[in-house]
Structure formats: structure tokens, C-alpha cells
**Q** 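Please see the structure below; I have some questions.
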Amino acid sequence: MSRVLSFADAISEATCQALERDASVFVMGVGVDDSGGIFGTTNEAYARFGDARVFDTPISEQLTTGAAIGAALCGMRPILVHARNDFLLLTLDQIANHAAKWSYMSGGRLKCPIVIRGIIGRGWGQAAQHSQSLHAVVAHFPGLHVLMPSCARDAKGLLLAALEGDTPTVIIEHRWSYGLREEVPAEYFVEPIGKARVARVGADCTVVAASFMVTEALRAADQAAALGIDLEVIDLRTIRPWDVETVCASVRKTGRLIVADPGWGHFGLASEVSAVVAEREFSSLRAAVRRIALPDVPTPCAPVLEAAYYPVAADVLRVARELCGAELAALQSHFVASDATANGHAKPFAGAF
Amino acid sequence: MQSARTVSLTDLYERALLIRRAEEAVVDQYAEQNRLLVEKKPLTHAIKCPTHMSIGQEAAAAAIGFALTPDDVIFSTHRCHGHYLGKGGNLRAMMAELFGKETGCSRGKGGSMHLVDGAMGMLGSSAIVAGSVPLAVGAALSFQLRGLANVAMPCLGDGAVEQGLFTEALNFSALRKLPVVFLVENNFYATLSHVESRQTVPIPDRGRLFGMPSVCVEGSNLMKVYEAMQELVQYARSGRGPALLEVQAYRWLSHVGTEPDTGRMRRTADELRAWQAKCPIDAAERELRDRGAGEIVESVKARVSRDIAEALVFAKESEPPMVRAMFEDLHAESQR
């Protein structure tokens with residue numbers, strides 16, 4: 001049975017089903033038991049399972065990350081939640097030096113199946129330390145899985161898949177995805193880790209996107225269709241390991257690639273996808289690969305700057321037109337400045353989230 | 001709740017001697033390797049990883065194996081040979097690991113700094129100072145969540161006390177009354193930097209600040225260290241919360257490697273001699289002989305020597321990993 005659920009409610013439902021099904025699952029993090037319940041994703045779990053299994057922690061992110069690892073080494077399946085993925089930087093030693101390496105350093109004899117959720121903030125002037133997209137930072141390390149669901153169904157299915165697996169997993173969710181609604185199966189199910197989703201089939205140009213950039217890319221595809229450009233949108237879903245085969249198959253079909261990354265361009269997801277496609281599918285490409293990413297500065301606060309900062313559907317559309325219309329344009333800058341005038345689509349926020 | 005087991009001085013002596021002799025075997029192996037290198041002769045079997053020796057610090061490590069049960073867990077540091085063997089870790093697998101063999105406890109992936117023996121509750125060692133402390137806290141959290149009467153022990157040095165993570169761990173384990181016994185081995189030096197130049201308060205004061213029983217003992221008497229540890233372990237096991245044990249014991253050799261570092265910075269020959277005169281293993285042997293147990297001492301020595309000789313043969317004769325094994329063990333899912 002399916003019904004329409006929001007992204008946030010899908011996470012909440014997955015969390016409750018995991019707690020119900022597996023006694024080793026527990027949830028901890030700063031504020032998971034408060035009335036906000038991490039934007040509505042943990043309060044039902046707290047109400048149903050109580051503070052024995054859903055509990056607040058001191059503001060000691062490094063410690064709680066290590067504690068999650070230690071508990072996992074002893075057979076538990078912790079979900080550690082950060083209201084902002086920026087706080088992952090405080091815990092990078094535990095994630096990268098410990099969780100990512102414990103199986104390898106023990107010759108595969110130990111496993112630490114932890115799940116860490118971190119949320120990307122955006123808008124209402126959250127500025128430089130509450131809005132980063134740090135998927136590329138964590139995805140750098142062998143030994144981890146890094147997931148970025150863009151829709152409600154995947155938010156549920158990927159969280160449950162991460163909890164079934166034995167690999168330490170970081171799930172990075174976008175705050176702006178939380179209100180997206182779609183049909184989500186009511187029953188327990190898992191989505192495969194490492195498998196991209198073709199979100200829209202098209203023939204002229206492949207757009208590989210992740211997280212909220214999938215939403216922007218799908219909007220761009222609708223607009224492009226009106227111009228006679230048929231975009232194929234691939235939702236990567238898993239950042240590490242990412243689905244090279246699905247992306248390459250699409251590029252072989254379309255001959256053009258745009259990678260729309262919610263993070264920075266330098267040393268990032270878009271760069272990685274571009275490099276691998278260039279290595280593997282050079283002969284299929286009819287134009288240079290194009291990256292759409294954040295400008296190479298921290299997030300500014302002032303409304304006019306913030307509005308100009310984020311790439312949106314119009315940017316995807318513009319690059320698609322350059323690639324499909326006049327291929328010479330691809331020789332210009334690989335980076336695309338965002339189009340401030342096209343930012344009107346974003347759902348207005350009343351702030352303080 | 002498990003009751004305290006009766007432990008004899010002979011038990012502690014044998015465990016401490018095993019740790020001492022195993023590390024001396026590593027020292028000897030390095031000397032032999034260095035000789036061959038100077039003579040430009042081929043190295044058939046070699047230890048090629050940084051080794052952090054604990055010679056002089058065996059008392060705490062030996063006590064671990066008797067104050068804790070096999071179901072209790074420990075986590076260790078780069079200086080982990082003693083904790084591993086103390087907890088009952090497999091000697092052959094340790095030696096094979098040092099020699100980089102497939103039969104090593106970490107299949108040759110970890111080396112001296114990352115010994116692990118899951119079956120014996122030795123759940124790994126981190127070379128990041130204080131890095132494994134929160135893992136022990138998490139293990140204790142799992143025991144509490146499951147209602148198990150087990151104890152987790154992070155083994156750390158005096159340097160780790162200075163990390164913010166250590167204070168986070170004290171606070172969290174005290175807050176949740178977790179069954180953790182923090183074992184802080186104070187050998188006074190972080191490489192060459194003396195603790196007095198790094199810290200402001202005695203180490204047990206940090207535990208007391210969070211309301212936990214915190215005790216300091218000198219690592220020169222095997223039984224006294226065991227008794228202190230046993231008492232704190234029983235406290236933690238009873239559900240009353242965490243505890244802290246500082247064991248002061250000098251590291252006879254350099255921070256890393258198999259040579260002494262006497263004469264460097266504040267580390268003087270007098271200081272070393274004074275601590276060598278308080279050697280816990282020599283003291284135990286004297287006491288056993290005074291009790292008329294000289295024959296037992298001799299049989300312990302023979303058994304330890306035989307076990308170590310066998311472990312060395314096993315390590316040297318084991319095969320190195322296949323190169324393709326580099327890509328194995330990253331994810332537990334891909335296990336054989």
C-alpha cells in the first residue's frame with residue numbers, strides 16, 4: 001500500500017519501522033527528543049519508543065560519533081542525527097580515522113554499522129556554517145557509504161537499506177527536500193545502495209544530479225521540453241559508491257553530460273563524475289562535460305547575495321541550451337555563475353529553522 | 001553480577017612476563033634486522049611497522065586479563081601489545097601481524113598499532129591519541145541498552161587526557177552512568193614532553209570532577225594494580241557508573257622503536273634506573289621465590305619462552321597476504 005508522504009514523514013516512518021523491527025536500532029543526537037524532533041523526523045519515534053531508544057546527547061559530537069561506532073562494534077545499529085551536516089566536521093576524526101577504517105584495519109573481522117544523518121540548511125540567511133553540503137568531504141574516504149536521497153520514497157528506502165547493511169553510512173538530507181511529497185510504500189522496503197535512479201528519461205543530454213539539485217534539474221527538464229530539448233535526469237542517490245554504469249550508459253545514449261552538484265565544484269562530486277565519464281566515455285561525448293555547482297565562496301547571508309548564490313533550474317536550462325544548441329559555447333567557462341533573476345521559484349521561508 | 005575471581009600472583013606474573021618477553025622478542029628481531037641491513041644481507045622475515053613498546057608498563061596490562069571477563073571489552077592505542085596480550089589476545093596472531101602475514105590478527109592490514117582480537121573482547125586500537133576512548137564509551141552504552149553486566153575499558157595514555165574528547169567521554173559516561181573504567185597509563189612522557197609541561201591537575205581530579213571514583217596507583221606491584229582495577233571494575237559492573245584508574249609506570253624505551261632514549265630532553269639515566277629498580281616483574285619474581293615458589297617461577301619462564309619461540313616460528317613461516325587482499329576487508333559485507 002502506498003500513500004502520499006512528505007520526505008520528513010518518510011524518514012520518520014522508516015525510523016519507527018526500523019526501531020520496531022530490530023531491537024539493536026537506537027537513535028541519538030542533539031535535540032532528537034525535543035518538540036521539533038529534527039524537523040519532524042524523530043518525534044514520532046521518541047513518542048513511541050521513549051528515551052530508552054531515542055535520546056538526547058550532550059553537545060559532544062565527536063564523542064557521540066565514537067560512541068555510535070563503539071556500540072555498533074558490539075552489535076548495535078545506532079542512528080546518529082545532526083540537525084546540520086556542518087557539525088560533521090567536528091566528528092571527521094571519528095568518521096574518517098575510525099568508522100571508515102575499523103573493518104579494514106581489523107582484517108574484516110569487525111564491523112561498525114552506524115548510520116549518521118546530517119542535514120543541509122539553506123535560505124533565511126543561514127550563512128556559511130549552517131548551509132554547507134559536505135557530501136564530497138565524507139565521500140572521499142574508502143570504507144564509507146554516502147547517501148543523498150532527493151525524494152520521499154528514497155528517503156525511506158535508503159535509510160532502511162543503510163540500517164540493514166554493515167558499512168558505516170552517512171546520509172545527507174536537504175532541508176528543502178523535507179516538504180516534497182510523493183507516493184511512498186507503507187510497508188518496510190529497501191532501496192539498493194549504489195544504484196542511481198533515472199528520474200526522467202530523455203534523449204538529448206544527461207543531467208546527473210544529487211539531493212535538491214535533482215528537483216532543480218527536473219524543473220529544468222520541464223522547461224527544456226518546451227524548447228524541444230529532451231533532458232535525461234539521473235538522480236545519483238548514492239554518492240559513494242556512485243553508479244558509474246547507469247551514468248555511462250546514459251551518456252552513451254545522449255552524448256552530453258551536465259553534472260548538477262549541491263556542493264562546491266572544486267574537488268567535488270561533479271568533478272569526480274566528470275572525470276570518470278571523461279575517462280570512460282570520451283568517445284561518446286559530443287561536447288565537453290559541464291559542471292553546475294556552488295560559486296567558490298562560502299554561503300553569504302544577505303538576501304540579495306544568498307539569492308544569487310545558489311544554482312537553480314534556470315542555470316541547468318541555460319547550460320543545456322548551450323550544450324544542445326550551440327556546442328561551441330561549451331568551450332567557455334566550465335563553471336556557471338548562478339542566475340539571480342531566476343531564483344523566484346524557491347518556496348518562501350518564514351525563517352528560524 | 002559476576003563475582004571477583006581469585007587471582008594468584010603467579011597468574012599476574014605469568015601474564016606480565018609474557019608481555020615483557022614478547023616485546024623483548026620484538027626488540028631482538030629489530031636488532032637482528034638492523035644487523036642484516038648493515039651487512040647488506042637479505043631480510044627474509046622482517047617486522048616493518050612502527051612498534052611502540054610498553055616495557056616497564058606491564059602491570060596494568062597484566063591486570064586487564066583478570067579484572068575483566070572475556071565478555072568485557074577493551075580498546076587500545078598505538079601502544080597496544082600489552083593490552084592485547086593482557087586481555088588474552090592470540091600471541092601467534094599478534095606476531096604474524098607484526099611480520100605482515102595473512103595469519104596476523106588483522107590479516108596484515110593493521111600492524112603493531114592496530115591489534116585486534118574480537119573473540120577475546122579486544123575490539124581494536126587507534127593510533128589517533130584518545131581516538132578509541134569514545135568507542136569504549138559506546139561499547140558500554142551498548143551493554144547498558146541491552147541490560148548486560150559487562151564493562152568497557154578504554155586504555156589510554158597520559159597524553160590522551162589532554163584531548164577534548166577525553167573530557168567529553170568522562171561527561172557522557174558519568175551522565176548516563178555507563179559501565180566504563182578509564183585506564184590511564186601515565187608514563188609521564190608524550191614522546192619527550194613531560195606531563196608537568198602539559199597538564200595542570202592530577203589525572204584522577206578529572207574523573208572526580210565528574211563524580212566518579214578515581215584512583216592512582218604505581219605500576220610497580222602487580223597485585224596492587226590488579227586489586228585497584230578489580231575494585232573499580234566491580235563498581236562499574238554494579239551499575240553505579242564509570243570509574244578512573246591511573247597507573248603510573250615508566251616507559252623504559254623510546255616513544256617508538258626498540259631503543260632506549262635516555263639522555264634526550266628530560267629523560268635521564270637516573271630516572272630510568274630508579275624505575276627499573278621498581279620493575280613489577282622482578283618484584284613479583286622475588287616475592288614468589290621468597291614464598292618458596294622458585295620452581296613455579298622456572299616453569300612459568302620456560303612456558304613463556306616456549307610459547308614465544310613457537311609464535312615467532314609461526315609468524316615467520318606464515319604466508320604474506322596475496323596482493324589482491326588489498327581490496328578485501330573494506331566492507332564487512334564483502335567478507336569471505
Side-chain angles (χ1 to χ4, degrees), chain A residues 23-26 28 51-53 55-78 80 90-91 93-94 96-114 141-145 164-169 193-194 241, chain B residues 73 75 97 102 104-111 113-119 123-128 130-143 145-146 148 150 152 154 163-173 175-176 178 321 325 328-336:
Chain A
S24 65
V25 173
F26 68 96
M28 66 173 170
D51 58 13
R53 298 187 63 195
F55 52 87
D56 194 19
T57 63
I59 306 174
S60 304
E61 288 92 347
Q62 194 181 185
L63 181 277
T64 51
T65 307
I69 297 168
L73 289 170
C74 291
M76 303 299 283
R77 291 185 176 272
L80 178 63
L90 284 162
T91 74
D93 169 60
Q94 286 300 319
N97 278 328
H98 295 86
K101 296 177 173 60
W102 222 250
S103 173
Y104 195 76
M105 291 199 311
S106 68
R109 291 183 168 122
L110 298 178
K111 60 183 185 184
C112 57
I114 61 170
F141 299 102
L144 300 177
H145 284 167
E164 275 192 7
D166 287 334
T167 295
T169 301
I193 285 169
Chain B
V73 300
F75 291 82
E97 187 62 32
E102 170 70 24
C105 61
S106 310
R107 299 186 70 211
K109 300 275 175 44
M113 295 193 287
H114 304 299
L115 300 181
V116 58
D117 190 332
L123 296 188
S125 317
S126 175
I128 306 298
S132 67
V133 173
L135 276 57
V137 171
L141 177 64
S142 80
F143 298 148
L145 291 171
R146 292 182 150 168
L148 301 174
N150 290 121
Q163 294 279 19
L165 192 49
F166 176 65
T167 305
E168 292 183 24
L170 292 177
N171 179 56
F172 186 76
S173 49
L175 180 75
R176 294 194 61 98
L178 296 178
E328 298 169 356
D329 305 326
L330 184 59
H331 298 286
E333 279 105 333
S334 63
Q335 285 324 296
R336 300 139 281 149

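In the text below, chain A, chain B and the rest are named by the order of the sequence lines, each starting its count at 1. In this text the structure is predicted, and so the values were computed from the model without any measurement.
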**Q** So which atom in T167(A) and which in H331(B) form the shortest heavy-atom distance, rounded to 0.1 Å?
**A**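 Smallest heavy-atom distance, with atoms named: OG1-ND1, 3.0 Å.
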**Q** Is there a donor-acceptor pair under 3.5 Å between the side chain of W102(A) and the backbone N or O of L123(B)?
**A**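 Flag set: sc W102(A) to bb L123(B) pair under 3.5 Å.
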**Q** In Å, rounded to the nearest 0.5 Å, how long is the span from CZ of F172(B) to OG of S60(A)?
**A**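 Between atom CZ of F172(B) and atom OG of S60(A) there are 8.5 Å.
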**Q** Checking heavy atoms, do the side chain of F75(B), its backbone, both or neither come under 4.5 Å from chain A?
**A**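 Looking at F75(B), just its side chain touches chain A.
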**Q** What residue, out of G110(B), A139(B), A127(B), has the most heavy-atom pairs lying under 4.5 Å from chain A?
**A**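 Top option by heavy-atom pairs under 4.5 Å: A139(B).
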**Q** Under a 3.5 Å distance rule, please check whether S103(A) uses its side chain to pair with a backbone N or O of D329(B) as donor and acceptor.
**A**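 Looks like yes, one N/O pair under 3.5 Å.
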**Q** Centre of Y104(A)'s six-membered ring, under 6.0 Å away, within 45 degrees of the axis: is that where NZ or CZ of R107(B) sits?
**A**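 Not satisfied by the 6.0 Å and 45° rule.
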**Q** Below 4.5 Å from any heavy atom of chain A, which atoms of A169(B) appear? Answer side chain, backbone, both or neither.
**A**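 Both backbone and side chain.
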**Q** Check whether Q62(A) reaches the backbone of L165(B) with its side chain - one donor and one acceptor, N or O, closer than 3.5 Å.
**A**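 Not a single qualifying donor-acceptor pair exists.
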**Q** So do the side chains of R146(B) and M76(A) get within less than 4.5 Å of each other, counting heavy atoms only?
**A**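 In contact.
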**Q** Quick check for you: among G124(B), A119(B), G118(B), G111(B), which has the greatest number of heavy-atom pairs under 4.5 Å with chain A?
**A**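 The candidate making the most pairs under 4.5 Å is G124(B).
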**Q** Looking only at atom types and distance, does a side-chain atom of S106(B) sit under 3.5 Å from a main-chain N or O of M105(A), one as donor and one as acceptor?
**A**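 Yes; at least one donor-acceptor contact below 3.5 Å.
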**Q** Tell me, side chain or backbone of S125(B) under 4.5 Å from chain A's heavy atoms, or both, or neither?
**A**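 When you check distances to chain A, only backbone atoms of S125(B) fall under 4.5 Å.
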**Q** Go through the atoms of L175(B) and report whether side chain, backbone, both or neither lie under 4.5 Å from a heavy atom of chain A.
**A**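 Side chain only.
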**Q** Measure L141(B) against the heavy atoms of chain A and call it side chain, backbone, both or neither at under 4.5 Å.
**A**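 It is the side chain, since no backbone atom gets that close.
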**Q** Quick one about S126(B) and H98(A) (side-chain donor to acceptor, distance below 3.5 Å, no hydrogens or angles considered), yes or no?
**A**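 S126(B) and H98(A) do have a side-chain donor-acceptor pair below 3.5 Å.
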**Q** For the interface with chain B, which of L73(A), L63(A), I59(A) has the highest count of heavy-atom pairs at distances below 4.5 Å?
**A**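 Of the candidates given, the most pairs with chain B belong to L63(A).
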**Q** Please state whether the side chain, the backbone, both or neither of D117(B) comes within less than 4.5 Å of a heavy atom of chain A.
**A**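 For D117(B), no heavy atom lies under 4.5 Å from chain A.
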